[in-house]
Amino acid sequence: LINAQAELEVENSSSLARGGTEVEQELLVGVARNLGNLALHFVGADARSQAEPLIVSAQSIFEAVLGPGHPQIGEWKTHMFEKIAEQNEGRNADSSGGGDGG
């Protein structure tokens, strides 16, 4: 269900981005950011298969609204990469028994 909704948002964003007002474009950027945040939640819950289509949809919306290669897209990708890396580091620390054994 989440994937279907994300695909619908991408379709709607493409048409709005082409003829949308500045407010509509800002709203779509917000939708893309929210999809990315939801994807990070799924990554944190070790549900990467659910996260991936959300990340792809978010990127598609960003590109449709802002244009491919826009600096804000690069910043968003860097942010996502850093957050996913942080979650991976935390998961690796937990699985290696990072405590002192009490």
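Numbering of residues begins at 1 and proceeds along the displayed sequence.
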*asked:* If you compare all heavy atoms of Ile73 against all heavy atoms of Gly67, which two are closest, and at what distance to 0.1 Å?
replied: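 In this case the closest contact between Ile73 and Gly67 is CD1-O, 3.3 Å.
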*If you link I, L, V, M, F, W and Y whenever their side-chain heavy atoms are under 4.5 Å apart, who else ends up in the same group as Leu27?*
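Traced through the cluster, Leu27 reaches Val23.
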_Residue pairs fulfilling side chain to side chain donor-acceptor pair (under 3.5 Å) with at least one residue in residues 61-90, sequence neighbours excluded_ =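 Listed by first then second residue: Arg48-Asn88, Gln59-Glu63, Asn88-Arg91.
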Enumerate donor-acceptor pairs with a distance under 3.5 Å from any side-chain N or O in residues 33-46 to protein atoms, sequence neighbours excluded.
unit_1: Asn34; atom_1: ND2; unit_2: Gly30; atom_2: O; d: 3.4
unit_1: Asn37; atom_1: ND2; unit_2: Arg33; atom_2: O; d: 3.4

